[in-house]
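Quick notes on the structure that follows.
In what follows, every heavy atom counts, from backbone to side chain, and hydrogens, waters and symmetry copies are set aside. Order of appearance sets the numbers: ligands from 1, and atoms from 1 within every ligand. Numbers here simply count residues along the sequence, with the first being 1.
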Amino acid sequence: SERVALHIGGTFPMESDGGGWAGGQACLPAVQMALEDVNKRPDILDGYELVLHYYDSKCQPGLAAKYMYELLYKPPVKLMLLAGCSPVTTTVAEAVPVWNMIVLSYGASSPALSNRDRFPTLFRTHPSANLQNPTRVRLFQKFNWKKITILQSVEEVFTSNAKDLEIQCREKGIKVNRQSFYGNPADAVKTMIRQDARIIVGLYYENEARKVLCEAYKNKLYGRKYVWFLIGWFSDTWYIPPKEEHLNCTAQQMAEAAQFHFTTESIMLSRENKVTISGMTGVEFRDRLENQLNTDPADTAGFPEAPLAYDAVWAMALAFNCTMAKLTVDRMKLEDFDYHNDFMYKQLFNCMKDTRFPGVSGEVMFSDLGDRIARTQIEQMQGGKYIMMGTYDSGEQKLDWRNKEMFAGGRGPPPDSTITRDW
Ligand SMILES: CC1(C)CO[C@@H](CC(=O)O)CN1
């Protein structure tokens, strides 16, 4: 018998001419793979077929708003929306509650999105950047560092992240200095030297990270007395200076200043040898996607986040499945949804809220604010290579540490300047 179509909408940033994240390049194929897998499963959404209608948002909120109206005003009725990068997710997730729509974002890291007043129907399979902060604080405590300095560029995502880190540090009795810069970090670095900064958390993009690293080299703000914490999703060779940036530091000097810095990042791919709800392990998913892409994963934006996009479709499918069971009692059907059906929207929301399944990106579950709960991993640069140091589960407050860390001068970790002993 003919299956009934359930329509969903989506926007994917396929290029980053606005400087945003072009993660749709790998995330759209991942979503299409998930739709294929879900629609093949007889035990999920029996009698229904999920159909996606999508546009390229270019990570531009204005373009995404235009396409959101197309998706909403052009038949057929859509039941949910998939959204990509933070600027687009902010616009879409603030508007669509008027249509009783749930938004599932696979690519938004902005901490500002953790706000049920502004975004009442948003769920994210992509963790907030703030998920790094409990991990950072746990490491400061492990090495008994009582004073840290946050150096950030002035983008909103880094300001929100820095504010949250400062609050979490103060709650644990760790003193915090904050410096910010726009474009040129030289003055901020000089101020940090005057303030005797030792343990430094850098919150900025890759190109800004190279400017800071070169300044740190020139001012000797690295080595025995210092430890840097940087963002973990930069490319592995981010510190090598591209010619066109005219940094007056050589690759050798940058590598020297980068030696032994730590990074933290959210784990986005399950490495466990346990099959997920899709029947694949995380690594099997990654290999299958790599074979499907006709581009090199290293040149395909969004490849690291693709597991989040794949799992976002499964979260939708399971929420529809869960809602279906609740509707038959009232002889209502999913295909009766029409933007005004508050009852059905509430069923969908409650089903989505209680989502919990083993996905290719790890256990998929949401906080009350719709945030993805995930583990983070810590690495350290040693000899120009990132070495895995351990993982942190902020839910369980559990640090799995491999004791592989190294410090300049071959001795234990440097104290911050609140410790008077001359180590
Ligand atoms: C880890 C990163 C690169 C953070 O930015 C996300 C994009 C965004 O928040 O707009 C994609 N994933």
**Message:** Counting only heavy atoms and a distance below 4.0 Å, can you name the residues contacting ligand 1?
**Reply:** W21, C85, S86, G107, A108, S109, H126, W233, M268, E305

**Asked** Centres of the F343 and F337 rings: under 6.0 Å?
**Response** no

**Request:** Please find out if less than 6.0 Å separates the ring center of F229 from that of F140.
**Result:** yes

**Request:** Going by the side-chain hydrogen bond (donor to acceptor under 3.5 Å, both in side chains) test, name the single residue among H53, K78, E49 that passes it with H7.
**Result:** H53

**Asked** Which residues satisfy the ring pair (Phe, Tyr, Trp, His ring centres under 6.0 Å) test with F285, sequence neighbours excluded?
**Response** Y310

**N-O pairing of R288 and E284 below 4.0 Å** = no

**Request:** Verify, without hydrogens or angle tests, whether R372 (side chain) and P127 (backbone) share a donor-acceptor contact under 3.5 angstrom.
**Result:** no

